[in-house]
Every structure is written in structure tokens, then in C-alpha cells.
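Below is one structure, written out as C-alpha cells; the observations come after it.
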Number of protein chains: 2
Amino acid sequence: MTNRIQTRDPELTRARILDAAEALFVEQGFSAVKLSALARSAEVTKSLIHHHFGSKEQLWEAVKNRAFERYFTAQMAMLEEAGEPDAALLRSSVEAYFHFLRDNPGVVRLFAWTHLEGDSHCGELDNQLVGAGAEWVRQAQMRGLLRQDINPTHVIALFVMTCTQWFEAKCHHQHWPGMGSDEAFLEDFLKIFMEGVTPRV
Amino acid sequence: MTNRIQTRDPELTRARILDAAEALFVEQGFSAVKLSALARSAEVTKSLIHHHFGSKEQLWEAVKNRAFERYFTAQMAMLEEAGEPDAALLRSSVEAYFHFLRDNPGVVRLFAWTHLEGDSHCGELDNQLVGAGAEWVRQAQMRGLLRQDINPTHVIALFVMTCTQWFEAKCHHQHWPGMGSDEAFLEDFLKIFMEGVTPRV
DNA sequence: AACCTAACTGGTCGACCGGTCAATTAAATC
DNA sequence: GATTTAATTGACCGGTCGACCAGTTAGGTT
């Protein structure tokens, strides 16, 4: 702000505000973020934030929408490049999801804040994601590749929730005695999960 | 506050403040809670809160400590009344934990807020809880009742995290297509989990 | 009954919150 | 080049936040 070239680029300004806001909201949650700190961080004036986004609440919505859209499209892409349903593909899907969350810690925290707010918006957004995944499981079940006495949606929910919670609550359980690394836990989870969902021979 | 009998009971006052604070903190998180609203809810003056707890921050710590102590002792009691390690007992332990969280939604949210704060205090508190659980799994493994190629701590972590996330993110996934009730999900989770941790015959 | 400690109150404080507004100015339109 | 539009600024607002403090009073001690 001090010595910035006197040029105007509203798109860039919006982006800079969104980026700074996302960083702060991810870190501190909605209530704890002060617009003054955000303005400082984004190197714009407070008024400019209001000009572009109306209010703190609307900015929060914009941040969430952008982040969840990123999440959604990334997942959709992963889903579409998946091939025929079989156990090996389920395994690699879990790995892919786990690593996506590991590489996108911001979206994990954004999900957590949103859950606590009781905002079900993001949940509705991935209805089709889960629906497609569950359909995929259902097909594998019909072919006898997965055990058939389990609700397909629950299969999806189980690994999504496990991956999510692993990273959401990492500060909580990372110091538990005997707890292994990201990869070690994923490995053990997959052992249990894959053994649990495939039919006994 | 308006027409309360002019008697003094500091213990009760502290308890009333703690109760009201817990309710508000659980609902809104630390930053969003206003001491004025808390004072109104607890039917005390703002000054009295400062008198008993010093600051908002210290009150937050007191609330967390009390709640996590309750959680800890409840879990410790459950653990102590457990008998010899075997698969059936693991199953009923998961059920007990799941139902404890279902019946104590406050502590689940408190955990979630605490995770987001990065406060590892509660995580350290249940080190011995997890340690005892993992030891219990280890014994079952040695007896051949559970498969031995899995980190015992990960077995505990997996079901703790799954139960926690189920209730933490309920608003998120409860509207997913095909999602079942609490009990239906628990049942399916146990099918996968128990099948995954017991050795193949 | 005198005394003391601490529970409790009302009033108040400076800081700073989110938000507004009129004025300025860069850039797009004509 | 004149005009319009909108990005941007700094000054400012009312409200209220957490905290503080001097004073009052109930309850226990001696």
C-alpha cells in the first residue's frame, strides 16, 4: 500500500483480498478475523474490501464458495478419470483423496469451520460427488467385487470421514503414543478398510 | 439478576457461569462469544465473571478443562470395566464410544473448536487413554484374536476418529444421498472395521 | 460487637470493531 | 478530448468489546 504503482486492476485486487481472507479465515475462523488485519495483510484499505464484497459475511461466503468450488472440481476430475470399478481402484481412490487433503490443508480447516457453523452448503455441493461414488461402489458390489451387505454411501462416507478427521484433528492425536506418520496410518487404514469391504473368499 | 434473593454462594455462581459459558462456547466458539451475552445468560454481572475467572481467555480454559476432565473420567471408567481382550469386547467398546459421543454432543464440538485452535492439551490428556487402549489391542494381537500386521494405536485412532467425525460433521453429510441413521452407519462401520481387524481364518 | 475477607455491583474506560461516505482519480466509453 | 463509470482513498461514525475500579455488602472469624 505504501509505494504501489498507481495502476488499477480490480480482478487482481479482488483476488488479493480473497487470497488474504482465505488465509486468515482458514487460520482463525470467521469471528476472530478483523477486517483491519485483513486489509493490512491484503495491502488494501478496509473500504476497498467493502466496495468489492459488501460485508465481512459476504466475503466469508465468497471465500468458501471459491475454495469449495476448487475442491469440487478437483474431486470431479479425479472421479472422471477413474475406470472400471474394482477393489484396486477403490484403494487408489482412497489414497488419492488422502493425499489431496494432505496437500490442501486449507480446505480441510475450511470444512471444519463450516461444520461448526452448521453450514450445510458444502455438504449439498458434493451430493453428486458422493452419489457418483456410491453408484460406483454399488456396481462393484453387483459384480461381487465388494461385499454386498453394506450401504454403498457408508463406504464412501467412511473413508472420506477418516481422511478428513486425520488431518482436521492432527494436532490432537499426533502426539498419541505409538502414532505413526501420515503414510503409516494410511497404510494401516487401507489394510483394515480393504479387508473389511472385500468379500470373504 | 433482577429479583434474586440476596444470598451468596460463590461455588454456585462459578458453576452457573461455567455452565452458561460452556453452552455458549460450544455453540459459537471462543471468539464469537460476548461476555455481555454470557453475563445475561448466567444471570450475573460482567464484573463477576472477571472476579471469578480473571479474563475471557482463562474462563475458556476453565470450561475446556472441566469438560475434558468429564470426558476423561467417563472414558477411563469405561476402560476399567472392560474385561479380557477379544474381538467381541472391541466391538462393544466401539459401540460404547459411539453412543457416548452421541449423548454428549457438547464435548464433540468442544473437541472440534480445540482442534482448530491447535490446542493439543486435550490430546495430551488422553495419552494414557489411548496408551491403555493400544496395549489392550496389542494383547489381543498376541493371542491371535486380532491381526498382527497393524499398529495398535492406529486401530484405536481409526474408530475414535470415525466416531468423532461422524458427529462433528453431521450437518455436512447427513443429507448425502443414501446416508443412513446413526445406528445404521455404526452397524456398517462395525462390519467393515471388525472384518478388517480380525485375522482371516 | 468489631473486624476482615471476598463476593458482588454499577459505572466507566480506551480500544477497536464493522461499516459508511464524500472526495479523488484511473480507466473505459463515446 | 469530453464524459461516464468504477476503483480507491482517508476520514469518520456509532456501537460495543473486554477489562477495570471504587464502593457496597454478606458471611465467616475472633
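Below, chain A is the first sequence line, B the second, and so on; all start at residue 1.
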What integer distance in Å separates [X]:[atom1] from [N]:[atom2]?
{"X": "Lys34(B)", "N": "dG15(D)", "atom1": "NZ", "atom2": "P", "answer": "16 Å"}
{"X": "His50(A)", "N": "dG19(C)", "atom1": "NE2", "atom2": "C1'", "answer": "5 Å"}
{"X": "Arg40(B)", "N": "dG10(C)", "atom1": "CZ", "atom2": "C1'", "answer": "17 Å"}
{"X": "Glu43(A)", "N": "dT9(D)", "atom1": "CD", "atom2": "P", "answer": "11 Å"}
{"X": "Lys46(B)", "N": "dC13(C)", "atom1": "NZ", "atom2": "P", "answer": "13 Å"}
{"X": "His52(B)", "N": "dA19(D)", "atom1": "NE2", "atom2": "P", "answer": "16 Å"}

Identify the pairs formed between an N or O of the protein and an N or O of nucleotides 1-6 of chain C at a distance under 3.5 Å, and give each distance.
none

Exercise. Hey, does the side chain of Thr45(A) come within less than 4.0 Å of dG10(D)'s phosphate (OP1/OP2), counting only N and O?
Worked result: no

For this session: Assess whether atom CD of Glu69(A) is packed by more than 12 heavy atoms of other residues, nucleotides or ligands within 6.0 Å.
Result: no

Seminar exercise, completed: Comparing Ser36(A) with Ser47(A), nearest DNA chain C nucleotide closer to 5' gives the residue Ser36(A)

Problem set entry | Aromatic Phe53(A) / basic Arg14(A) pairing, under 6.0 angstrom, 45° off normal | yes

For this session: Measure from NZ or CZ of Arg109(A) to the centre of the six-membered ring of Phe25(A) and say whether it is under 6.0 Å with the direction within 45° of the ring axis.
Result: no

For this session: Just grab all the ring-ring contact (aromatic ring centres under 6.0 Å, His included) pairs involving residues 118-152 of chain A, residues at least two apart or on different chains.
Result: none

Problem set entry | Nucleic acid contacts - residues 55-62 of chain B versus DNA chain C, non-hydrogen atoms under 4.0 Å | none

For this session: Please report the shortest heavy-atom distance between Thr198(A) and Ala87(A), naming the atom on each side.
Result: CG2-CB, 4.1 Å

Problem set entry | Nearest to side-chain heavy atoms of Thr7(A), which nucleotide of dA27(C), dA19(D), dG18(C) | dA27(C)

Problem set entry | Partners passing side-chain hydrogen bond (donor to acceptor under 3.5 Å, both in side chains) against Asp103(B) (at least two apart in sequence or in another chain) | none

Exercise. His173(A): what forms a side-chain hydrogen bond (donor to acceptor under 3.5 Å, both in side chains) with it, not counting sequence neighbours?
Worked result: none

Seminar exercise, completed: Each base of DNA chain C marked ( ) or [ ] if paired in-strand (Watson-Crick or G-U under 3.5 Å), | if paired to another strand and . if unpaired gives ||||||||||||||||||||||||||||||

Exercise. Taking the six-membered ring for Trp, are Phe185(A) and Trp166(A) parallel (under 30°), tilted (30 to 60°) or perpendicular (over 60°)?
Worked result: parallel

Seminar exercise, completed: Exactly one of Thr114(B), Asp119(B), Asp126(B) clears side chain to side chain contact (heavy atoms under 4.5 Å, CB included) with His172(A), and that residue is Asp126(B)

